[in-house]
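This chain uses plain numbering: 1 for the first residue, then up along the sequence.
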Amino acid sequence: NWQFGDGSSSTLSIPNHQYNSSGVFTPSLIGTNANGCKDTLNFNNIEIFVPPLASLSSANNSGCEPYYSNFNIHSTGDSISSISWNFGDGTISNSITDTISHLYNNSGVYNIYAQITDINGCSYQINQTDPIVVNPAPTATYSALNTYGCSPLTVLFNSSTNINNSVVWNFGDDTAFVNQSSPSHTY
């Protein structure tokens, strides 16, 4: 009869046992013969460690490419010995610091996690709850018609952009138009 030191037992000859809590446990094997005589064999202690409570966060979870983000691991105690950061874009960085920065050059949605190893050699993964969302950087082209002539000169402008946000025109003479893709301006 196996006694695992945590209140669990087994009558299997070769049992598997999972310890679900931390602590020091002394397993033993109790053998009983046909005459009812018993012998107990105590094994070396088994010590199960508690991983530190930890969470992963970033100050801001979205922006436009290129996007620079800072990440923090908040943990109880000082038992972290190494961190393998996975930024979700194919980049992995190993460090011992609980704060790190990363540059995202491309738009996309990135799930972040860190593999933490503590001073006892226990390894576990923590995930950032919200993904990093990197939006495409705006690109714009423009053209101007009738750019040469005598004052007053009316110039026709035209723009094209990859996003549907506002377009602000600066004509260089302290006047501006907002949300017009094809304004005209008189100089």
Side-chain angles (χ1 to χ4, degrees), residues 22 49-187:
S22 63
F49 302 103
V50 176
L53 296 175
S55 63
L56 174 60
S57 66
S58 61
N60 191 351
N61 292 340
S62 66
C64 293
E65 64 181 358
Y67 180 67
Y68 192 71
S69 186
N70 295 312
F71 298 96
N72 289 305
I73 291 178
H74 308 280
S75 66
T76 58
D78 59 354
S79 64
I80 295 175
S81 63
S82 70
I83 302 169
S84 179
W85 299 86
N86 187 316
F87 298 106
D89 63 352
T91 304
I92 295 174
S93 179
N94 296 310
S95 74
I96 57 171
T97 62
D98 57 2
T99 300
I100 197 166
S101 299
H102 183 68
L103 176 65
Y104 292 92
N105 288 310
N106 300 308
S107 62
V109 177
Y110 302 100
N111 294 304
I112 316 307
Y113 67 89
Q115 190 75 26
I116 296 175
T117 303
D118 67 16
I119 59 175
N120 299 310
C122 299
S123 183
Y124 55 96
Q125 179 176 310
I126 57 174
N127 301 312
Q128 180 166 311
T129 305
D130 297 319
I132 297 294
V133 178
V134 181
N135 299 304
T139 58
T141 60
Y142 75 95
S143 62
L145 299 173
N146 195 27
T147 60
Y148 178 78
C150 299
S151 178
L153 177 66
T154 300
V155 179
L156 301 174
F157 295 92
N158 188 21
S159 71
S160 175
T161 181
N162 66 335
I163 58 175
N164 293 325
N165 292 1
S166 65
V167 176
V168 177
W169 287 90
N170 181 339
F171 299 111
D173 61 358
D174 295 328
T175 60
F177 284 90
V178 179
N179 289 331
Q180 291 186 345
S181 61
S182 299
S184 64
H185 184 69
T186 303
Y187 292 89

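- In this structure, the side chains of I116 and I73 come closer than 4.5 Å at one or more pairs of heavy atoms.
- S75 approaches A54 most closely through the heavy-atom pair CB-CB, 3.9 Å.
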Kindly determine whether S182 and L156 satisfy side chain to side chain contact (heavy atoms under 4.5 Å, CB included), including the steps that lead there. CA-CA 7 Å; S182 299; L156 301 174; over 6 Å; no
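- Looking at heavy atoms from C-beta onward, F87 lies in side-chain contact with I100 at the 4.5 angstrom threshold.
- Using a 4.5 Å heavy-atom threshold, the side chains of T141 and T139 count as separate.
- Here the closest non-hydrogen pair linking Y113 and N127 is CB-OD1, 3.1 Å.
- Formation of a donor-acceptor pair under 3.5 Å by the S81 side chain with backbone atoms of T117 is found in this model.
- In the model, N72 has a side-chain atom that pairs as donor or acceptor with a side-chain atom of T99 under 3.5 Å.
- A donor-acceptor pair under 3.5 Å links the side-chain atoms of N86 to the main chain of G88, judged by distance alone.
- Rounded to the nearest 0.5 Å, atoms CD1 (I119) and OG (S79) are 5.5 Å apart.
- Taking CH2 from W85 and OG from S95, the interatomic distance works out to 6.0 Å, rounded to the nearest 0.5 Å.
- When every heavy atom of T147 is checked against every heavy atom of V155, the shortest pair comes out as CG2-CG1, 4.1 Å.
- The CG atom of D89 lies 8.5 Å from the CG atom of N105; values are rounded to the nearest 0.5 Å.
- Side chains of F71 and I83 form no contact here, defined as non-hydrogen atoms less than 4.5 Å apart.
- Looking at residues two or more places apart in sequence or on another chain, you find no ring pair (Phe, Tyr, Trp, His ring centres under 6.0 Å) involving F49.
- In terms of heavy atoms, I132 sits closest to S69 at CD1-OG, 3.9 Å.
- If you check the side chains of D130 and Q128, you find no donor sitting under 3.5 Å from an acceptor.
- Here the side chains of N111 and P131 are in contact, with some heavy-atom distance below 4.5 Å.
- Partners of Y104 according to the ring pair (Phe, Tyr, Trp, His ring centres under 6.0 Å) rule, which considers only residues two or more places apart in sequence or in another chain, are H102, Y110.
- Under the 4.5 Å side-chain criterion, counting only non-hydrogen atoms from C-beta, I112 is not in contact with S58.
- Legend: residues meeting ring pair (Phe, Tyr, Trp, His ring centres under 6.0 Å) with F157, ordered by chain and number and at least two apart, are W169, F171.
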Might you work through the side chain to side chain donor-acceptor pair (under 3.5 Å) test for N135 and S107, ending with a clear yes or no? CA-CA 5 Å; N135 299 304; S107 62; over 6 Å; no
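- Of the possible donor and acceptor atoms, one in the side chain of D118 sits under 3.5 Å from a partner among the backbone N and O of N120.
- Of the possible polar contacts, none joining the E65 side chain to the V134 backbone as a donor-acceptor pair under 3.5 Å is found.
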Is there a side chain to side chain contact (heavy atoms under 4.5 Å, CB included) between S62 and N60? Walk through the geometry before answering. CA-CA 6 Å; S62 66; N60 191 351; 4.1 Å; yes
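- Between Y67 and N61, the closest heavy-atom pair is OH-N, 4.0 Å.
- For the atom pair N70 CG and S57 OG, the distance stands at 10.5 Å (nearest 0.5 Å).
- Between S184 and T154, the shortest heavy-atom distance links the atoms CB-CG2, 4.2 Å.
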